[in-house]
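Structure first, then comments.
Numbered from 1 within each chain, the chains take letters A, B, ... in sequence-line order.
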Protein chains: 2
Amino acid sequence: MSALPQISEAEYEVMKIVWKYAPISTNEITEKLLETSSWSPKTIQTLIKRLVNKGVLTYEKESRVFVYTPLIQECDYIGQESKSFLDRFYGGNITTMLSSFIENDRLSESEINGLRSLLSESFHKEEN
Amino acid sequence: MSALPQISEAEYEVMKIVWKYAPISTNEITEKLLETSSWSPKTIQTLIKRLVNKGVLTYEKESRVFVYTPLIQECDYIGQESKSFLDRFYGGNITTMLSSFIENDRLSESEINGLRSLLSESFHKEEN
DNA sequence: CCTTAATTCTTACTGGTGTAATAGATATTA
DNA sequence: TAATATCTATTACACCAGTAAGAATTAAGG
């Protein structure tokens with residue numbers, strides 16, 4: 001599993017739309033993004049183009065319009081970013097991360113309870 | 001709590017040394033970094049300078065040498081980065097993150113156990 | 001006091017990112 | 001088929017980051 005291409009912050013916003021709605025045209029991407037951002041459509045086109053160049057997106061011509069599909073999966077990308085984040089800041093250890101969150105009171109009681117029940121579920125999963 | 005300055009990846013390597021050993025001189029920083037990297041001392045000096053410009057480091061002259069001290073705390077910085085990471089990839093929800101880790105089998109049984117015992121400790125802490 | 005060696009400051013260059021405008025191609029319509 | 005409207009491709013530009021070389025300064029030793 002070689003490293004996936006680097007996706008910048010703005011490009012990632014584009015990818016979130018593509019992952020959700022692919023196959024999707026330039027115009028549709030632009031429409032969706034304009035609901036939550038104020039980028040110029042030109043800017044969005046540039047981002048799409050760069051994603052194609054990087055090998056993150058591919059497209060097919062449908063008459064005059066391009067329709068895009070992702071070449072890499074969202075969960076793979078997020079997985080890679082998560083790993084690199086954990087390595088950088090917590091020595092690759094998620095327990096260290098959680099522990100530091102708890103120590104700095106960044107988790108509410110209900111979040112902690114959510115985590116507990118998640119972990120007990122995954123306990124049962126292992127049992128079967 | 002206004003946003004802390006942005007620290008780049010290479011700059012962060014410098015900061016790890018400073019946080020650990022401050023107050024520390026340019027030469028000492030360079031020495032430590034050369035144990036684990038192959039940067040030119042010139043490069044390291046540039047990074048230090050940029051950190052000073054950004055307001056992350058301050059220094060005092062000790063005769064001809066500069067001795068540096070951090071202006072921001074490691075845990076504050078890591079906290080900020082963690083928050084922005086969680087927001088970006090998991091909607092700010094650490095339970096979602098953990099859940100996705102478990103789903104994609106990125107956690108070993110022993111890591112899961114570590115998390116469980118961490119959470120039961122923090123349970124007791126809340127009790128007192 | 002002047003030279004030298006050590007240290008800091010200034011400048012440089014490439015590549016990526018944010019942000020977009022303009023030019024070029026193509027399909028649709030008059 | 002020619003003009004127009006719509007897409008896509010090319011070009012632009014400033015700033016940040018990685019990476020470093022060269023210039024300037026300053027302390028110390030002869």
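Scanning for side chain to side chain contact (heavy atoms under 4.5 Å, CB included) contacts around B:D87 gives B:K83, with sequence neighbours left out. Listed by chain and residue number, B:E11 satisfy the side-chain hydrogen bond (donor to acceptor under 3.5 Å, both in side chains) test with B:K54 (two or more places apart in sequence, or in another chain). In this view, A:T58 satisfies the side-chain hydrogen bond (donor to acceptor under 3.5 Å, both in side chains) rule with no residue, not counting sequence neighbours. Evaluation of the side-chain hydrogen bond (donor to acceptor under 3.5 Å, both in side chains) rule for A:Q45 yields no partner, not counting sequence neighbours. Applying the side-chain hydrogen bond (donor to acceptor under 3.5 Å, both in side chains) rule to A:T26 yields no partners; only residues at least two apart in sequence or on another chain are considered.
Side-chain contact between A:L119 and B:I102 is present, with at least one heavy-atom pair separated by less than 4.5 Å. Within the 4.5 Å cutoff, the side chain of B:F89 has heavy atoms near those of the A:E81 side chain. For the pair B:V18 and B:I29, the minimum side-chain heavy-atom distance is below 4.5 Å. For the pair B:R106/B:S100, a side-chain contact is recorded, criterion being any heavy-atom separation below 4.5 Å from C-beta on.
Note that the first and last nucleotides of DNA chain D, 5' to 3', having any atom under 4.0 angstrom from a heavy atom of chain B are D:dA17 to D:dA28.
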Base versus backbone protein contacts along nucleotides 14-30 of chain C [heavy-atom cut-off under 4.0 Å; B, S, -]: ---BBBBBBB---SS--

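A heavy atom lying under 4.0 Å from DNA chain D marks none of the residues of residues 69-87 of chain B. Near DNA chain C, meaning a heavy atom under 4.0 Å from it, residues 16-26 of chain A has no residue at all.
A side chain to side chain donor-acceptor pair (under 3.5 Å) check over residues 27-36 of chain A, counting only residues at least two apart or in different chains, returns the pairs A:S25-A:E28.
Axis orientation changes by 30° from one end of the helix from C:dC1-D:dG30 to C:dA30-D:dT1 to the other, with each end axis drawn from 5 pairs and the value rounded to 10°.
We find that CG of B:N53 is positioned 14 Å from P of C:dT8, with the value rounded to whole Å.
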Side-chain polar contacts of residues 64-78 of chain B - donor-acceptor pairs under 3.5 angstrom, sequence neighbours left out - could you list them?
{"residue": "B:Y77", "atom": "OH", "partner": "B:I7", "partner atom": "O", "Å": "3.2"}

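Checked by atom type, the side-chain pair B:T95/B:Y90 shows no donor-acceptor distance below 3.5 Å. Counted by atom type alone, B:R116 and B:N113 present one or more donor-acceptor pairs between their side chains at under 3.5 Å.
Looking at B:S37, its side chain does come within 3.5 Å of a backbone N or O of B:L33 through a donor-acceptor pair.
Using bins of under 30°, 30° to 60° and over 60° for the plane-to-plane angle, the ring pair B:F85/A:F85 lands in the parallel bin.
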